[in-house]
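We count ligands from 1, going down the list as the structure has it; atoms in each ligand are counted the same way.
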Amino acid sequence: MTSALLGVGVTGSRPVAIGNAFLLASGPLTSAENIPADHIGAELARLDDALTRARRHLESVRTQIPTSTPMRIAEFIDAHLLMLTDSALVDATRDLIRQQAINAGWALQLQRDSLVDIFDQMEDDYLRTRRDDIDHVVRQIQAFLANEPRTDSLAAADIRGRVVVASDLTPADAIMLRHRGVAAFVTEHGGPMSHTAILARSLDIPTVIGVHNATRLLRQGELLVVNAETGTVLAGADSRMLDHYRRRVESADERRTSLRRLVREPSTSRDGVPVVLLANLELPEDVEAARANGASGVGLYRTEFLYMNRSGLPDEEEHYANYVDIIRGLDGIPLTIRTLDLGLDKHADAVIETSTSLTNPALGLRAIRLCLKEPQLFVPQLRAIVRASAEGPVRLMIPMISSIAEVDTVLGMIAETRRTLRRQGLAFDPLMPIGGMIEVPAAALTAGGLARRLDFLSIGTNDLIQYTLAIDRIDDAVSYLFEPLHPAVLRLIRYVLQAAAASRTQVSMCGEMAGDPRYVPVLLGLGLRELSMQPGSLLEVKDVVRGCHIGALQAAMDDLMERLDDLTPTELLDALEEANHP
Ligand code: PEP
Ligand code: MG
């Protein structure tokens, strides 16, 4: 029998995937069992065997990490390997098996609990973050003890071509799984604008998030159809349905191939207006996709990944080397480097305390706020960006601005950085453009002042919508309220464009809205001429741009803005379609 589970779809150019389920466990993998005294030796041997298999497994994962991976995944795996031999974990577990005559899985669980208690009481932030590593390692050994192909280290079995079903995935998980050829993701939690969802879109992995109880309702190994366009996960599809979805996969492949013809074509509307299409980068290796899809530059390089999956912070040289690599890969097209935006759902072990301990991280110490509070995070990055500007066209972009004073502080720090570099005889481009993101309604409503201070503004709709509509972008319970065409959002975008026009400051958009072909006529009608998106959307958006008559869309939008409160999103889109193709 076919069953369908519903969630929220996240799709790039691959709307559908078919593959066998790979369930990642979230609950405990073991329960307490007493064992007879004469089985203790065998239980100890079973533990040793699981430890050996876990070690071999981690070693093999380590060799599979591509050298292009910017994060310290290798370091992270090394730490886990060390724990497999750590006496605090292993010898103590052996003692528990002997003394209490209990099964190995449960002994591990008890030892894990007492270690975690100790870690939780530690003053040292770094050591406290190690408790997650203990959990990962313990679960992995337990998985081998249980002979289950599930582990939450994501380092199990062959994942190629399979649909990973998990309670939740971190951005780092998503990257690791992409490297390992995963076909699709299904998660129980997470909103459509969570960073994991954005990453899945950018990695072009069909994903359905917010599927309640997915790990309970779906079975290990069963064939699933993940329809990221409709947000549905089908289990037990019959052959007729499977044929239908296989054709969908094929036609999406054909569409991608046919769009290739646009790579070298200009991004110009029917009435001759050029529209600049830029790429959003999550990782250095996305440079290739940006170029292959004809991006005229990078409108957003999210640098958070340099800070994730590691214990320490990247130093100036590491930042610098990373940026210079990307500049070289881009071969003369501009790179917009966004300064660190940690907090909310993106965390770094080294700053876990400041960025996660708040009750409402979306309104707390995130992005530029965190950077201004923790100069050791920010200064090496600032210096590296300013230095990298000597190597090619670079723009620096500040995230999550909520006041003009913040911008003045950052501009002061950049001026100071330039003075220091000059004294040190290090090269930089003194004219490197500095821009700010409009992600908070307060920034939108002070766009005039920001525009006078900055060289460009970029509207980050993922956050602008979150903060305007008061919906947590990672909470799937409120994702139904996420509406880019909400009149309040459109008015803020319009306001930013008008306010920035007074000082002739350029405005682009780099939120997910910019890469959604449905919204392109609205954005062009509002006056945007520069859109930045995940590379997989560039050609689809170019196709829409080339079919638009911007003059007609602008006239229609002027009129529609007057009646916005009385229009549904569909009516708005229909009216623009009518204006575009009368
Ligand atoms: C945004 O908020 O729209 C944006 C581009 O930034 P991020 O998604 O990384 O928060
Ligand atoms: Mg943002």
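- Note on Glu439: its N/O/S atom closest to the Mg ion (ligand 2) is OE2.
- Distances from the Mg ion (ligand 2) show that Asp341 has no N/O/S atom below 2.8 Å.
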**Asked** Can you list the steps and then say if Asp331 with Arg291 is a side chain to side chain contact (heavy atoms under 4.5 Å, CB included)?
**Response** CA-CA 9 Å; Asp331 202 19; Arg291 302 214 45 198; 3.2 Å; yes
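- Arg473 has a carboxylate O that lies under 4.0 Å from a charged side-chain N of Asp463, or vice versa, which qualifies the two as a salt bridge.
- Checking side-chain atoms of Glu406 against main-chain N and O of Ser402 turns up a donor-acceptor pair under 3.5 Å.
- Look at Met533 and you'll find every heavy atom at least 4.0 Å from all atoms of ligand 1.
- More than 12 heavy atoms of other residues, nucleotides or ligands shown are found within 6.0 angstrom of CZ on Arg255.
- Contact annotation: for Leu464 versus ligand 1, there are no heavy atoms closer than 4.0 Å.
- Proximity of Arg366 to ligand 1, defined as any heavy-atom pair under 4.0 Å, is confined to the side chain (atoms from C-beta onward).
- At a heavy-atom cutoff of 4.0 Å, ligand 1 is contacted by no atom of Ile459, backbone or side chain.
- Residue Arg302 has at least one heavy-atom neighbour below 4.0 Å for each of these atoms of ligand 1: 4 (C), 5 (C), 6 (O), 7 (P), 8 (O), 9 (O).
- Ring geometry for Tyr307 against His319 counts as tilted: the plane angle lies between 30° and 60°, on a 0 to 90° scale.
- Set against the non-hydrogen atoms of Leu300, the atoms of ligand 1 under 4.0 Å away are 5 (C).
- Both the sub-6.0 Å distance and the 45° axial angle are satisfied by Arg387 relative to the ring of Tyr320.
- Note on Asp429 versus Arg418: no salt bridge recorded, every NZ/NE/NH1/NH2 to OD/OE distance being 4.0 Å or above.
- Ligand 1 has no atom lying under 4.0 Å from any heavy atom of Glu282.
- Geometrically, ligand 1 and Asn462 share a nitrogen or oxygen pair separated by less than 3.5 Å.
- Across Gly190 and Ile209, no two heavy atoms sit closer than the pair O-CD1, 3.3 Å.
- Contacts with ligand 1 closer than 4.0 Å are made by no heavy atom of Glu512, backbone or side chain.
- The side chain of Ile198, and not its backbone, has at least one atom closer than 4.0 Å to an atom of ligand 1 (non-hydrogen atoms only; side chain from C-beta on).
- Residue contact check: Asp341 has heavy atoms under 4.0 Å from atoms 10 (O) of ligand 1.
- Residue Met437 places a heavy atom under 4.0 Å from ligand 1.
- The CZ atom of Arg383 lies 4.0 Å from the CD atom of Glu316; values are rounded to the nearest 0.5 Å.
- The name of the N, O or S atom in Asp463 nearest to the Mg ion (ligand 2) is OD2.
- Considering OG1 of Thr339 and CE of Met397, their distance stands at 8.5 Å, rounded to 0.5 Å.
- Close contacts of ligand 1 with Arg473, meaning ligand atoms under 4.0 Å from a residue heavy atom, involve 2 (O), 7 (P), 8 (O), 10 (O).
- Between Glu374 and Arg369, no side-chain nitrogen of the basic residue sits less than 4.0 Å from a carboxylate oxygen of the acidic one, so the salt-bridge criterion is not met.
- In terms of polar-atom proximity, Glu304 is not counted as a contact of ligand 1, lacking any N or O under 3.5 Å from an N or O of the ligand.
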